[in-house]
Participant: 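The structure's right below; bear with me while I get my questions together.
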Amino acid sequence: MEEYRRIADRVEAAVRDGRLTPGDRLPPQRVFARRHRIANSTAIRVYGELARRGLAVGEVGRGTFVRAAPPLPGPALAEATGAAAVDLQLNYPVAEGQSELMARALAALARPDVLAEAVSGPAAATGTPEAREAAVSVLARTGWAPDPEGLLFAGNGRQAIAAALSALVPPGGRLGVEALTYPLVKAVAERLGIRLVPLALDDDGIRPEALAATHRATPLAAVYLQPTLHNPLSTTMSEPRRSELAELLRHLDLTAVEDTTWAFLAPAAAPPPLAAFAPERVLLVDSLSKRLAPGLTVGYLVVPGRLRAAVAEALRSGAWTAGGLALAAATRWAGDGTVADAVAAKRADTAARHALVRRRLDGYAVRTSPHAYYCWWELPAPWRAETFTAAAAGRAGVAVTPGSAFAVGPGTAPDAIRVGLASPPRPVLDGALARLAALAAEGA
């Protein structure tokens, strides 16, 4: 083995056993070379190897730092989580009394005859008439309700997205996405062999002229977007922009996948989904994971008639259909008011958590909505996203997500982080935000 790799192995061992912690600054390369009695050129190769392994990040003029956590090999269908004491990466809201609410429906499922049917196997992609009726009540918005005949069911929201993309975009095909997009879509696309094409954003979402120019230059197979409470920016697209995009989809003969996973938190006055403006051109995906809990969830797809057979086949061939028990529980939760009660509790909870954000991050460039469970923090100079993420984990004990996780395309990662607000108890969140603010004020 070459010498630089042996030395990189020793540094990696120090990271993994805790002698070097996230956010630690490595010595300048010349100092490192003297300490290890190696040539400067060898030290340069060591640092390059550490960066290639995802163990270190270097910034011109500021030095080289231990990263927050080495990346896992290969793409995953979930956002990575850090090892810090407080995890503000994963973002699953839990309302007070939520478990007691959910237990009511599960108790009814405990009857032997009901349970036998529920656990007999996966449900059909089309579910049951009762499940479709329940799904309509969950997904309906002011001014719009889905066609029950257009509903299909997946095991969760991730599988719903995977099935939609698999049906619409062939391997090697081009999928237009917001320039900052949900990290899971990046992972799904990589597994399916789909090429992501970033589309420019403004404060109102995807810019129609950017979509038109991109598609005309090299055609897209489909578009994925989050018009309501965009993750990570928290923006909500206006009704005029939705109407304009709907007409553009028709004109370009394009289909959009609209992700409304977080839209349940939006106020009643929010615009109806893009699917309401172009039902024949928009495939809507949603799930119960954020409304209720990720451990027992169902994914929903509202599919235009011309695409139902293809999407249903993608669900079956990918083994992405909902489990019978989960679908039965979801149907009861919608019917007995559990979903509505949990949604109301979580809407109130976001307001309380945003009070903490305003208190702790006042004066910083934080983009968010009072209805969202996350915020987008444009970091103060001289911080860079990767360095701050590493320092937050190592020095503040808080895991956050760097902007690079959301950016599509080389050279587009902003010096910003997403801060998830949903998962920890409020006192824990308050302390974590205070530590992040103190870290930002210290500088690197």
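Residue indices begin at 1 and follow the sequence shown. The model shown is predicted, which means the values in this text are computed figures rather than measured ones.
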Participant: Leu284 and Leu301: side-chain contact (heavy atoms from CB on, under 4.5 Å), yes or no, with the steps?
Facilitator: CA-CA 6 Å; Leu284 183 146; Leu301 302 98; over 6 Å; no
Participant: Let me see the working for Phe153 and Thr126 under side-chain contact (heavy atoms from CB on, under 4.5 Å), right down to the final yes or no.
Facilitator: CA-CA 6 Å; Phe153 298 90; Thr126 53; 5.9 Å; no
Participant: Please examine the side chains of Asp9 and Val11, heavy atoms only from C-beta on, and report whether any two atoms are closer than 4.5 Å.
Facilitator: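 SC-SC contact between Val11 and Asp9 ruled out.
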Participant: Less than 4.0 angstrom from a charged side-chain N to a carboxylate O is my criterion; do Arg45 and Glu2 meet it?
Facilitator: yes
Participant: In terms of side-chain geometry, is the basic nitrogen of Arg141 or Asp286 positioned less than 4.0 Å from the acidic oxygen of its partner?
Facilitator: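 Yes, this pair counts.
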Participant: Between Asp147 and Arg308, does any side-chain N to carboxylate O distance fall below 4.0 Å?
Facilitator: yes
Participant: For a 4.5 angstrom cut-off between non-hydrogen side-chain atoms, does Val285 reach Val257?
Facilitator: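 In short, these two side chains touch, coming nearer than 4.5 Å.
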Participant: Would you call Arg207-Glu209 a salt bridge at under 4.0 Å N-O?
Facilitator: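 Counted as a salt bridge, because a side-chain N and a carboxylate O are separated by less than 4.0 Å.
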Participant: Quick check: do Ile206 and Val223 have side-chain heavy atoms less than 4.5 Å from each other?
Facilitator: yes
Participant: Do you see a donor-acceptor pair shorter than 3.5 Å between the side chains of Asn156 and Ser289?
Facilitator: no
Participant: Could Glu3 and Arg6 be called an ion pair, given the rule that one side-chain N must be under 4.0 Å from one carboxylate O?
Facilitator: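 Answer for the salt bridge query: no.
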Participant: Any side-chain heavy-atom pair from Pro304 and Arg281 closer than 4.5 angstrom?
Facilitator: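 Sidechains of Arg281 and Pro304: no contact.
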Participant: Going by an N to O cut-off under 4.0 Å, is there a salt bridge joining Glu239 and Arg242?
Facilitator: no
Participant: When rounded to the nearest 0.5 angstrom, what is the spacing between CG in Leu254 and CG in Leu248?
Facilitator: 7.5 Å
Participant: Check whether any side-chain heavy atom of Phe65 sits under 4.5 Å from a side-chain heavy atom of Leu26, and report yes or no.
Facilitator: no
Participant: Only one of Asp341, Thr338, Val138 forms a side-chain contact (heavy atoms from CB on, under 4.5 Å) with Trp333, so which one is it?
Facilitator: Thr338
Participant: For Thr228 and Thr260, run side-chain contact (heavy atoms from CB on, under 4.5 Å): C-alpha distance rounded to whole Å, both residues' side-chain angles, the deciding distance at 0.1 Å, then the answer.
Facilitator: CA-CA 7 Å; Thr228 304; Thr260 61; 5.7 Å; no
Participant: Trp320 versus Ser166: any side-chain heavy-atom pair under 4.5 Å?
Facilitator: yes
Participant: Considering only NZ, NE, NH1 and NH2 on the basic side and carboxylate oxygens on the acidic side, decide whether Asp202 and Arg241 come within less than 4.0 Å.
Facilitator: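 Salt bridge between Asp202 and Arg241, a charged N being under 4.0 Å from a carboxylate O: yes.
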Participant: Is the shortest side-chain N to carboxylate O distance from Arg367 to Asp203 below 4.0 Å?
Facilitator: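 Between Asp203 and Arg367 there is a salt bridge, with a charged N closer than 4.0 Å to a carboxylate O.
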Participant: Do the side-chain N and O atoms of Tyr182 and Asp259 include a donor-acceptor pair separated by under 3.5 angstrom?
Facilitator: no
Participant: OG of Ser404 to CZ of Arg384: how many Å apart, nearest 0.5 Å?
Facilitator: 13.5 Å
Participant: Go through the steps for Arg353 and Asp349 under the test salt bridge (charged side-chain N to carboxylate O under 4.0 Å, His left out), then give the verdict.
Facilitator: CA-CA 6 Å; Arg353 290 171 186 266; Asp349 186 49; 2.7 Å; yes
Participant: Quick one: does any side-chain atom of Lys186 pair with a main-chain N or O of Leu196 as donor and acceptor, under 3.5 Å?
Facilitator: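 No, Lys186 side chain to Leu196 backbone: no donor-acceptor pair under 3.5 Å.
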Participant: Does any part of the side chain of Arg347, heavy atoms only, come nearer than 4.5 Å to the side chain of His371, both counted from C-beta?
Facilitator: no
Participant: Can Arg418 and Asn91 be counted as having a side-chain donor-acceptor contact under 3.5 angstrom?
Facilitator: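 No pair is found: no donor N or O on one side chain lies under 3.5 Å from an acceptor on the other.
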Participant: Go through the steps for Val66 and Leu55 under the test side-chain contact (heavy atoms from CB on, under 4.5 Å), then give the verdict.
Facilitator: CA-CA 6 Å; Val66 178; Leu55 294 164; over 6 Å; no
Participant: Got Arg158 and Val188 here, is their nearest side-chain heavy-atom distance under 4.5 Å?
Facilitator: no
Participant: Is Glu133 atom CD crowded by more than 12 heavy atoms from other residues, nucleotides or ligands, each under 6.0 Å away?
Facilitator: no
Participant: As an exercise, state the distance from CZ of Arg291 to CG of Leu265, rounded to the nearest 0.5 Å.
Facilitator: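 It is 8.5 Å, given to the nearest 0.5 Å.
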